[in-house]
2 protein chains.
Amino acid sequence: MMIYKSISTQTLQRLPMYLNYLKSLPDNQILNISATTIAEALKFNDVQVRKDLAIISSGGRPKIGYITKNLIFDIEKFLGYDDADSAVIAGAGDLGRTLLSYDGFSKYGLDIIAAFDVREDIIGTTINGKKVLSSDKLKDLCGRMKVRIGIIAVPASEAQEICNSMVESGILAIWNFAPVNLNVPDSVLVQNEDMAFSLAKLSKSLSKKLCLN
Amino acid sequence: MMIYKSISTQTLQRLPMYLNYLKSLPDNQILNISATTIAEALKFNDVQVRKDLAIISSGGRPKIGYITKNLIFDIEKFLGYDDADSAVIAGAGDLGRTLLSYDGFSKYGLDIIAAFDVREDIIGTTINGKKVLSSDKLKDLCGRMKVRIGIIAVPASEAQEICNSMVESGILAIWNFAPVNLNVPDSVLVQNEDMAFSLAKLSKSLSKKLCLN
DNA sequence: TAGATTGTTAATCGATTAACAATC
DNA sequence: TAGATTGTTAATCGATTAACAATC
């Protein structure tokens, strides 16, 4: 197993952007790419790009740059896209359905094995090939299948309860789309997917821009 | 108009968390709250919380803290939740529908006035009270209504084209949910909503945690 | 009064950027 | 060779944390 240097959130944030950019290049036409080119395209500092790439790749060559194909492979490998984690999702409403079909999470190394909901009319249906089961079964199934990641896409009012079931079943990380502060033991990792924050960032940048113009 | 000090992305990121926490407190029972309490609940440093709050509020009182009600008001005001921006959304598929109904963006100061799609069977329907119109009409409507924010929730392959229409119509900021790098003039602000990054962060933290245990 | 809390100033830490030698 | 590019070391910048006086 390859050991990586420790990585900052900032770098981790940029890696998917590099990947995205590299993949947007015309297939097989750009065999080599320089950190300078990437930096210009994404409006980053070139040394920053080089430092980021140093963490995950075996390096480029002066005057030539990096081998595009290898770089894509190395970033994907670092991000764990090659080695899927299994997950379940609670809530098969609009948001849940979106997540179940959003550009195939499997591409990103996340294998959603089932969805759970409380609504009788949804239980038993299939979304994007995944069965929707009764929420009662969550604890049992996750325990047996050793699922490590739970995704919460239920209304805010039900989020804590479903979170408790997940924690009891032994889930280690929770990706929370409900706008609530979940209470979990320290051993469980929670990542809040914060629409409110994203929107705040957008509208702040916009109003700042308008002030300057 | 109140003038705020300039604010870092980090602080901006935490403000919605404070708001969320404050709103989760039992109504009218906790009249005053200290930065220390907030910091403990959210696992931040207390000085950091105090500095953040100093930017947006008129201050607390030693030994007592801040007036909860006012703090909520001040954060909402700062984030612009009181003063809605109008927006349109392109793409009324699963993702678009989720966004049209996601906990009412209106609460966050975003007023989505219409959705656009190319699919004949969806055009003319109403989602959460918003009309779905033909994408052909986007440019005209946004221009006339002086819409400033466009949300892109179409498949990656169609994103650039719809983005171009938005830019031509005079939209100033684009909230992009499609996993592509959009090409826009410098005058237009793009914020990518990056599922891939969120997922990367989650799975990296998880694997780091597992290594340590 | 005593002690909790605020807000500010100074110290620390970490990320970004600049400078530059090494390489192809 | 000349010049573009890498990767490293040092300088800068900004955010977080520590220390502490002021206040209720």
Side-chain angles (χ1 to χ4, degrees), chain A residues 4-18 21-22 25 30-72 74-75 78 197 200-201 204-205 208, chain B residues 4-18 21-22 25 30-72 74-75 78 197 200-201 204-205 208:
Chain A
Y4 297 107
K5 284 184 228 173
S6 79
I7 184 177
S8 71
T9 314
Q10 284 85 337
T11 296
L12 190 52
Q13 196 148 178
R14 286 186 295 264
L15 288 175
M17 303 188 206
Y18 301 145
Y21 170 72
L22 293 171
L25 299 173
I30 297 162
L31 297 179
N32 292 286
I33 190 144
S34 74
T36 318
T37 310
I38 299 176
E40 266 168 27
L42 299 176
K43 289 170 191 152
F44 293 146
N45 177 290
D46 63 323
V47 179
Q48 188 174 63
V49 174
R50 235 168 267 125
K51 284 206 167 166
D52 288 343
L53 297 184
I55 297 173
I56 53 101
S57 96
S58 51
R61 288 162 69 199
K63 180 134 180 180
I64 291 164
Y66 302 79
I67 300 169
T68 313
K69 192 164 55 67
N70 293 4
L71 205 49
I72 291 176
D74 289 340
I75 298 177
F78 180 83
F197 158 59
K201 208 165 65 172
K204 265 297 143 193
S205 323
K208 194 192 278 176
Chain B
Y4 296 106
K5 283 185 230 174
S6 78
I7 185 177
S8 71
T9 315
Q10 284 85 337
T11 296
L12 190 52
Q13 195 147 179
R14 286 186 296 264
L15 288 175
M17 303 188 205
Y18 301 146
Y21 169 72
L22 293 171
L25 298 173
I30 296 161
L31 297 179
N32 292 285
I33 191 145
S34 73
T36 319
T37 310
I38 298 176
E40 266 167 28
L42 299 176
K43 288 170 192 150
F44 293 146
N45 178 290
D46 62 324
V47 181
Q48 187 174 62
V49 174
R50 234 169 267 125
K51 284 205 167 165
D52 287 344
L53 297 184
I55 297 173
I56 54 101
S57 96
S58 50
R61 288 161 69 199
K63 182 133 179 176
I64 291 162
Y66 302 78
I67 300 169
T68 313
K69 189 164 57 66
N70 294 3
L71 206 48
I72 291 176
D74 289 340
I75 298 176
F78 180 82
F197 158 60
K201 209 166 64 171
K204 266 295 142 194
S205 322
K208 194 193 278 176

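Labels below follow one simple rule: chain letters A, B, ... track the order of the sequence lines, proteins then strands, and each chain is numbered from 1.
Taking CD of B:Q48 as the start and CG of B:L42 as the end, the distance is 10.5 Å to the nearest 0.5 Å. With rounding to the nearest 0.5 Å, the separation of CG in A:N32 from CD1 in A:I64 is 6.5 Å. Atoms CD1 and CG, from B:I75 and B:L15 in turn, are 6.0 Å apart once rounded to the nearest 0.5 Å. With rounding to the nearest 0.5 angstrom, the OG atom of A:S57 is 8.5 Å from the CG atom of A:N70. Note that CD1 of B:I56 is 5.5 Å distant from CG of B:L71, once rounded to the nearest 0.5 Å.
Closest approach of B:L25 to B:T68, counting heavy atoms only: CD1-CG2, 4.2 Å. Contact record, B:R50 with B:T36: NH2-OG1, 3.4 Å, taken as the closest heavy-atom pair. A:A39 approaches A:D46 most closely through the heavy-atom pair CB-CA, 3.5 Å.
Between B:I67 and B:L31 there is no side-chain heavy-atom pair separated by less than 4.5 Å. Looking at A:I33 and A:I38, their side chains come closer than 4.5 Å, going by heavy atoms from C-beta outward. Two residues are said to be in side-chain contact when any heavy atoms from C-beta on lie closer than 4.5 Å; B:I30 and B:L22 fail this criterion. Looking at B:T11 and B:K51, their side chains never come closer than 4.5 Å, going by heavy atoms from C-beta outward. Here the side chains of A:N45 and A:V49 are not in contact, with every heavy-atom distance at 4.5 Å or above. Side-chain contact between A:I72 and A:Y66 is absent, with no heavy atoms from C-beta onward closer than 4.5 Å.
Here the P atom of nucleotide C:dG7 and the CD1 atom of B:I56 are 11 Å apart, to the nearest Å. In this structure, the NZ atom of A:K43 is 18 Å from the P atom of C:dT16, given to the nearest Å. Going from atom CD of A:Q13 over to atom C1' of C:dT16 covers 15 Å, rounded to whole Å. Rounded to whole angstrom, the span from the CG atom of A:D52 across to the P atom of D:dT6 amounts to 13 Å. For A:I55 and D:dT6, the CD1 to P distance is 16 Å, given to the nearest whole Å. Between B:D46 atom CG and C:dT8 atom P there is a gap of 15 Å when expressed in whole angstrom units. Across the protein-nucleic acid pair, B:L71 atom CG and C:dG7 atom C1' stand 15 Å apart, rounded to whole Å.
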Enumerate the protein-to-nucleotides 12-14 of chain D contacts in which both atoms are nitrogen or oxygen and the separation is below 3.5 Å.
none

Please write out each protein N/O paired with an N/O of nucleotides 21-24 of chain C under 3.5 Å, distance rounded to 0.1 Å.
none

So which protein N/O to nucleotides 17-20 of chain D N/O distances come out below 3.5 Å?
from	atom 1	to	atom 2	distance (Å)
D:dT17	O4	B:K51	NZ	2.9

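Remark: the backbone N or O of B:F78 is paired with a side-chain donor or acceptor of A:K204 at under 3.5 angstrom.
Applying the salt bridge (charged side-chain N to carboxylate O under 4.0 Å, His left out) test to every pair with at least one member in residues 52-69 of chain B, sequence neighbours left out, gives these pairs: B:R14-B:D52.
Against DNA chain C, the stretch residues 31-38 of chain A makes no heavy-atom approach under 4.0 Å.
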Quiz item: Please, what dot-bracket string fits DNA chain D when only Watson-Crick and G-U pairs with both distances under 3.5 Å count, crossing ones use [ ] and pairs to another strand use |?
Solution: ..||||||||||||||||||||||

